[in-house]
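Structure, as structure tokens:
Just so you know, residue 1 is the first one in the sequence shown, and it goes up from there.
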Amino acid sequence: QVQLVESGGGLVQPGGSLRLSCVASGSDFSLSGMGWYRQAPGKQRELVAGISSSGETKYVESAKGRFTISRDNAKNTVTIYLQMNRLKPEDTAAYYCNGDGAVSPGGDYYFPGDYWGQGTQVTVSS
């Protein structure tokens, strides 16, 4: 059974930091791309960052310089992280992990896979 389980969300003040984690299991995600998406109330889900199996990354413009995606391929699970620094109120959203995706050569695009986590809420507010 495929599972993607996110954690690490919470309430943080503007300018603060959070580190999100997603543990993916039940399939061999070590050979696939993984990504982070977010969805704010009333808005469409949007890509934040993606990472290929080899570590190539793709960031949306709003995340560049503030967020860092990384991954750890263990024997039966893959864990991806999203380190978020200098958080802004507009970063407030539910953040979702995506699995079995792909990063295009050169990192111009991240193509989402079929697997999603349940989401973790990030609220940036004073």
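Within a 6.0 Å radius of CG in Asp108, more than 12 heavy atoms belonging to other residues, nucleotides or ligands are found. Heavy atoms of other residues, nucleotides or ligands lying less than 6.0 angstrom from CD of Glu90 number more than 12.
Counting heavy atoms from C-beta on, the side chains of Met84 and Val122 come closer than 4.5 Å. A heavy-atom distance below 4.5 Å is found between the side chains of Trp36 and Cys22. Between Cys97 and Trp116, the closest side-chain pair of non-hydrogen atoms is not below 4.5 Å. Counting heavy atoms from C-beta on, the side chains of Tyr115 and Phe29 come closer than 4.5 Å. Residues Gln121 and Thr92 form a side-chain contact, since some pair of their non-hydrogen atoms from C-beta on lies under 4.5 Å apart. No side-chain heavy atom of Tyr109 sits less than 4.5 Å from a side-chain heavy atom of Leu47. With a 4.5 Å cut-off on side-chain heavy atoms, Asn76 and Ser25 do not count as touching. Taking the side chain as every heavy atom from C-beta outward, Tyr59 and Ile51 never approach each other to under 4.5 Å.
With hydrogens and angles disregarded, a donor-acceptor distance shorter than 3.5 Å links the side chain of Glu6 to the backbone of Gly119. Under a 3.5 Å cut-off, the side chain of Gln39 and the backbone N or O of Ala93 do not form any donor-acceptor pair.
Of the N and O atoms on the side chains of Ser54 and Ser52, at least one donor lies less than 3.5 Å from an acceptor on the other residue.
Val103 is not connected to Met34 by any chain of hydrophobic side-chain contacts under 4.5 Å among Ile, Leu, Val, Met, Phe, Trp and Tyr, and they are in different clusters.
Checked options Val48, Val60, Asn98; the residue passing with Tyr110 is Asn98 (criterion: side-chain contact (heavy atoms from CB on, under 4.5 Å)).
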